[in-house]
2 protein chains.
Amino acid sequence: MATPSCGKPHDVYAAACPCRDMLDLLANKWSALALGALEDGPRRFGAIRAKLEGVSPKVLTATLRRLEEHGLVDRTVYPAVPLHVEYSLTPLGQDACEPLALLRRWVVDNIDRFPGSPVLSDPSVSVGA
Amino acid sequence: MATPSCGKPHDVYAAACPCRDMLDLLANKWSALALGALEDGPRRFGAIRAKLEGVSPKVLTATLRRLEEHGLVDRTVYPAVPLHVEYSLTPLGQDACEPLALLRRWVVDNIDRFPGSPVLSDPSVSVGA
DNA sequence: GCTGCTGGTATCCAAAGGGAACTACGATGG
DNA sequence: CCATCGTAGTTCCCTTTGGATACCAGCAGC
């Protein structure tokens, strides 16, 4: 159990607990995807951008910087000729990937159960064809 | 493994996949907290609001409506005198709680590893005393 | 000197988040 | 009769974040 220095147990439901900020950081679409993109090893900005389809460079930069600030990713610049920047997970970031990977996976595995998926209501579409 | 009816595997990294929307819904601070607040059974609006310290009624309403729309929670109105509204998890919502609970728990368990936690840099505070 | 590659900023606009006050409803009660 | 309370929101306004597009810097090669 968390043994906080503040003398009371950490609780994501408490507004003042730093947990709240961490949850806000991790419980975020782009953070969850970006960390997942680094699971297989370091990646360059362009590669992450390509993997996270639809992310704008501004938002991706902001997301990565925020993750870096909180010690979840490392940013390494190789000042070679075409400039080369690599992002990688810190040990903490790797650990954080586990629950996020489970969440991403749960979504993928259960998406067809959601109402509103055009999928469910139309048996005529070729299933698994 | 997800066997999507669309013929190709679902992928949260694909911009066009409905998974993206689901991830956006679940990978959200207030959604994660609100679903967790309903894990122990139905709760009333006021109770949820009290548990999720710091949430404004506007945002809570929006969050719950969005979860309801996507079939994760049920909203039941008891038109008694003082008006009574209960929110509860659907089976899908209950399932979604598992990965979210793991995430919340990971945050609580690992918060002290984060740099920037005032905690780490000050051994004078009684840790686990 | 122009193009291309890489890794971003700058700019602008729309959407979401957040705080505080206000509404509707009927019971209760002075 | 009017005021007050409790519940569950809604409305307003402002700030923050997200998102799309355009542009910039440094250097290789042509």
Side-chain angles (χ1 to χ4, degrees), chain A residues 12-17 19-35 37-38 42-70 73-88, chain B residues 12-17 19-35 37-38 42-70 73-88:
Chain A
V12 284
Y13 286 96
C17 182
C19 295
R20 187 58 79 76
D21 297 315
M22 283 306 129
L23 185 66
D24 199 23
L25 173 65
L26 294 178
N28 169 293
K29 183 177 50 167
W30 295 127
S31 293
L33 291 172
L35 288 173
L38 297 174
R43 269 182 188 252
R44 300 164 57 168
F45 183 87
I48 302 171
R49 189 183 170 186
K51 181 151 175 97
L52 273 61
E53 286 183 18
V55 71
S56 73
K58 191 188 78 167
V59 172
L60 182 55
T61 301
T63 301
L64 291 170
R65 291 280 146 85
R66 201 165 154 222
L67 292 171
E68 191 193 359
E69 265 176 42
H70 288 86
V73 311
D74 276 332
R75 179 175 178 271
T76 313
V77 180
Y78 299 92
V81 165
L83 179 61
H84 187 101
V85 178
E86 260 186 13
Y87 292 89
S88 57
Chain B
V12 283
Y13 286 96
C17 183
C19 294
R20 186 58 78 77
D21 297 314
M22 284 306 128
L23 185 66
D24 199 24
L25 174 64
L26 295 178
N28 169 291
K29 183 177 51 168
W30 294 128
S31 293
L33 291 172
L35 288 173
L38 297 174
R43 271 182 186 253
R44 300 163 58 168
F45 184 86
I48 302 171
R49 188 183 172 186
K51 178 149 177 100
L52 274 60
E53 287 183 16
V55 71
S56 72
K58 188 189 79 169
V59 172
L60 182 55
T61 302
T63 301
L64 290 170
R65 290 279 146 85
R66 203 164 153 223
L67 291 172
E68 190 193 0
E69 264 175 44
H70 288 86
V73 311
D74 275 333
R75 179 174 178 271
T76 313
V77 181
Y78 299 92
V81 162
L83 180 60
H84 188 101
V85 178
E86 261 187 10
Y87 292 89
S88 57

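So that the names make sense, note that chain A is the first sequence line, chain B the second, and so on, each numbered from 1. Keep in mind the model is a prediction, meaning the values are calculated, not measured.
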**OP:** Please work out which residues in residues 63-70 of chain A have a non-hydrogen atom less than 4.0 Å from an atom of DNA chain C and list them by number.
**Re:** A/Arg65
**OP:** Apply side-chain hydrogen bond (donor to acceptor under 3.5 Å, both in side chains) to A/Arg65 and list each qualifying residue two or more places apart in sequence or on a separate chain.
**Re:** none
**OP:** Tell me, please, which residues at least two apart from A/Tyr87 pass side-chain hydrogen bond (donor to acceptor under 3.5 Å, both in side chains).
**Re:** A/Arg75
Original post:
Between B/Tyr78 and B/Val85, does a side-chain contact (heavy atoms from CB on, under 4.5 Å) hold up when you go through it step by step?
Top reply: CA-CA 6 Å; B/Tyr78 299 92; B/Val85 178; over 6 Å; no
Subject >> Donor-acceptor pair, side chain of A/Arg20 and main chain of A/Val12, under 3.5 angstrom >> reply: yes
**OP:** Mark yes or no for whether A/Arg43, through its side chain, and A/Lys51, through its backbone, hold a donor-acceptor pair below 3.5 Å.
**Re:** no
Could you grab the distance from atom [atom1] of [X] to atom [atom2] of [Y], nearest 0.5 Å is fine?
X	Y	atom1	atom2	result
A/Leu38	A/Ile48	CG	CD1	4.5 Å
B/His84	B/Thr76	NE2	OG1	9.0 Å
A/Lys29	B/Leu23	NZ	CG	8.0 Å

Subject >> Distance-minimising heavy-atom pair for A/Arg66 and A/His70 >> reply: O-ND1, 2.9 Å
**OP:** Might you point out which heavy atoms bring B/Ser31 and B/Asn28 nearest each other, and give the distance in Å?
**Re:** N-OD1, 2.9 Å
Which donor-acceptor pairs under 3.5 Å do the side chains of residues 55-64 of chain B make with protein atoms, sequence neighbours left out?
| unit_1 | atom_1 | unit_2 | atom_2 | d |
| --- | --- | --- | --- | --- |
| B/Ser56 | OG | B/Val59 | N | 3.4 |
| B/Thr61 | OG1 | B/Pro57 | O | 2.9 |
| B/Thr63 | OG1 | B/Val59 | O | 2.8 |

Subject >> Proximity to DNA chain D (any heavy atom under 4.0 Å), residues of residues 24-34 of chain A only >> reply: A/Asn28, A/Lys29, A/Trp30
Could you tell me the separation between the [atom1] atom of [X] and the [atom2] atom of [N], rounded to a whole number of Å?
X	N	atom1	atom2	value
A/Arg20	C/dG17	CZ	C1'	13 Å
A/Ile48	C/dT6	CD1	C1'	13 Å
B/Arg44	D/dT7	CZ	P	6 Å

**OP:** State whether A/Arg43 places a side-chain N or O below 4.0 Å from either non-bridging phosphate oxygen (OP1 or OP2) of C/dT6.
**Re:** no
Original post:
Which of these nucleotides, D/dG18, C/dG8, C/dG18, is closest to any side-chain atom of A/Tyr87?
Top reply: C/dG8
Original post:
When we call it a touch if two heavy atoms are under 4.0 Å apart, what does A/Val59 touch: a base, just sugar-phosphate, or nothing?
Top reply: base
Original post:
Which parts of nucleotides 20-30 of chain D does protein reach within less than 4.0 Å, heavy atoms only, written one letter per nucleotide 5' to 3' as B for base, S for sugar-phosphate only and - for none?
Top reply: BB-----SS--
